[in-house]
Protein chains: 2
Amino acid sequence: MEPLVARLRRREWRLTAQRRVIAEVLTGEHVHLTADEVFERARALLPEVSRATVYNTLNELVGMGELAEMPHADGRKRYDPNVGDRHHHLVCVDCGRILDVRADEPRLPADQQHGFELLGVEVTFRARCPDCASVPADVS
Amino acid sequence: MEPLVARLRRREWRLTAQRRVIAEVLTGEHVHLTADEVFERARALLPEVSRATVYNTLNELVGMGELAEMPHADGRKRYDPNVGDRHHHLVCVDCGRILDVRADEPRLPADQQHGFELLGVEVTFRARCPDCASVPADVS
DNA sequence: CTCCACCCTTGGAACTGTTCTATGTTCGGG
DNA sequence: CCCGAACATAGAACAGTTCCAAGGGTGGAG
C-alpha cells in the first residue's frame with residue numbers, strides 16, 4: 001500500500017503544510033500513535049502546528065477512511081494508517097505495545113447475525129511481549 | 001455461568017450493600033453498560049451510592065477478572081459481566097448497540113507471534129443494526 | 001459487649017483526552 | 001490586488017475517570 005501522503009495527493013484534498021506533516025508522521029507498519037504523539041512528532045517537523053489541527057485532521061482522515069481509529073484500554077485512541085491491508089493487532093497488556101499481525105478473519109454464522117448488516121471485523125490479540133514477560137511488574 | 005453476585009459471594013470479598021447493587025445491575029446477556037449507566041441503575045436501587053464507589057468497584061472487579069472492560073469508540077468504557085463464556089461482540093456503528101455473539105476464535109499463526117505470550121483474543125464485528133439501516137442518518 | 005483498626009464509601013477537586021469557539025491566516029479565482 | 005471560502009490557531013469548555021482527605025461501618029480481639 002502506498003503511504004498516506006501519496007494517497008492524499010491523488011484525492012482532491014488540500015494538502016497544507018500542517019496536514020502534510022501530520023500525514024508524514026503516520027507512515028509505516030506497526031504505527032499506532034495517539035493523537036498527542038502525532039502532535040509531538042508533527043511539531044518536531046513543523047513547529048507551527050496546533051493540537052486542534054491535529055485533532056481536526058485526524059478526524060477528517062478517519063471520516064475519509066484513510067485512517068483507522070482504534071479505541072484503547074487507557075482511553076487514548078490510536079491511529080493506524082495501514083488501512084486497506086487486512087490485518088489485526090497484537091497488543092501487550094503490560095506496556096501497550098501494538099504490532100500488526102495477519103491471521104484469518106473469523107466469520108459470523110448466519111444464525112448469529114441478528115439481522116445486522118455486517119461491515120467489518122476487528123481482532124485484537126491480547127498478550128505479553130518478551131520484554132514485559134522477563135520482568136515481574138509492568139514497564140511504566 | 002452463575003450471575004456475578006453469586007460468584008462474588010463465594011470469593012472472600014466484602015459484599016457491602018453498595019457493591020451488591022452494582023453487581024446486581026451487571027447481570028444477564030447483552031449487558032454492556034457504561035460506568036455512568038451502572039451508576040444510574042445502582043442508584044435507583046440504593047440511593048446512597050456514589051460515583052466514586054461505582055468506579056472503584058468496577059475497577060476492582062476488572063482486576064479480579066470478574067468483569068471484562070471493553071474500550072469503545074465514543075470514549076466510554078463498557079463493562080461486560082459475561083466472562084468465562086467465550087463470546088464476541090456485534091456492534092452497531094450508528095447507535096452503538098452491542099450484542100453478544102458466538103463465532104469461532106481466530107488463531108494467531110506461530111510465525112506471527114513475535115515472541116509474545118498469548119493471553120486472549122477480542123473480536124468485534126462492526127455492523128449496522130436493522131433499526132439504523134432503515135433510517136438515513138444515525139439515531140441520536 | 002465494647003473498642004479499635006481497618007477497609008469501604010463519600011463528595012468534590014483534579015486530571016486527561018477531546019471538542020468547541022471565536023478569531024486570524026492563507027489560497028485561488030476574478 | 002481583493003474577496004470569499006477553507007484552513008489553522010489558542011484557549012476555553014467539556015466529558016469521562018481518577019485522586020484525595022475525611023467520615024462511617026464492620027469484624028475481630030479482649
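Chain naming here is simple, since letters A, B, ... match the order of the sequence lines and numbering starts at 1 in each.
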Partners passing salt bridge (Lys or Arg N to Asp or Glu O under 4.0 Å) against [X] (at least two apart in sequence or in another chain):
| X | value |
| --- | --- |
| A:D111 | none |
| B:R107 | none |
| A:E105 | A:R86 |

Which pair of non-hydrogen atoms, one from A:G96 and one from A:V91, has the smallest distance, and what is that distance?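 The pair with the smallest heavy-atom distance is O-CG1, 4.3 Å.
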
Of all the heavy-atom pairs spanning B:C129 and B:C92, show the shortest one and how long it is.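 Here B:C129 and B:C92 meet closest at N-SG, 3.4 Å.
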
Suppose we screen for side-chain hydrogen bond (donor to acceptor under 3.5 Å, both in side chains). Which residues come up paired with A:E66, at least two apart in sequence or across chains?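 A:E66 satisfies side-chain hydrogen bond (donor to acceptor under 3.5 Å, both in side chains) with A:R7, A:R11 only.
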
For A:S50, give me all partners under side-chain hydrogen bond (donor to acceptor under 3.5 Å, both in side chains), at least two apart in sequence or on another chain.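 Expected list: A:T53.
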
Reading DNA chain C from 5' to 3', where do the contacts with chain A start and stop? Cut-off is 4.0 Å to heavy atoms.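 So the contact region on DNA chain C extends C:dG17 to C:dC27.
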
Could you tell me whether the side chain of [X] and the main chain of [Y] form a donor-acceptor pair under 3.5 Å?
| X | Y | result |
| --- | --- | --- |
| A:R43 | A:V49 | no |
| B:E37 | B:T34 | yes |
| A:R19 | A:R14 | yes |

Please list, in numerical order, the residues of residues 10-24 of chain B that have a heavy atom closer than 4.0 Å to any atom of DNA chain D.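 The stretch gives B:R14 as the residues lying under 4.0 Å from the strand, ordered by number.
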
So how far is it from B:T57 OG1 to B:Y79 OH, rounded to the nearest 0.5 Å?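 Reported value, rounded in 0.5 Å steps: 11.0 Å.
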
Which angle, to the nearest 10 degrees, lies between the helix axes at the two ends of the helix from C:dC1-D:dG30 to C:dG30-D:dC1, each defined by five pairs?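 Rounded to the nearest 10 degrees, the bend comes out at 10°.
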
B:H88 and B:D100: CA distance, side-chain angles, deciding distance, side chain to side chain donor-acceptor pair (under 3.5 Å) verdict: CA-CA 6 Å; B:H88 305 318; B:D100 289 349; over 6 Å; no

Quick one: which residue pairs count as a ring-ring contact (aromatic ring centres under 6.0 Å, His included) with a foot in residues 20-43 of chain B, not counting sequence neighbours?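 Listed once each, the pairs are B:H32-B:H89.
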
Sequence neighbours excluded and cut-off under 3.5 Å, please list the side-chain donor-acceptor pairs for residues 116-123 of chain B, or say none.
residue	atom	partner	partner atom	Å
B:E122	OE2	A:R126	NE	3.2

If you walk 5' to 3' along DNA chain D, what is the first nucleotide with an atom under 4.0 Å of a heavy atom in chain B, and what is the last?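 Extent of the interface on DNA chain D: D:dG16 to D:dT26.
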
DNA chain C-proximal residues of residues 49-65 of chain A, any heavy atom under 4.0 Å: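 Of all residues in residues 49-65 of chain A, the ones placing a heavy atom under 4.0 Å from DNA chain C are A:A52, A:Y55, A:N59.
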
Cluster question for you: counting only ILVMFWY and a side-chain heavy-atom cut-off of under 4.5 Å, with indirect links fine, are B:V38 and B:I98 together?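 No, B:V38 does not connect to B:I98 through the hydrophobic network.
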
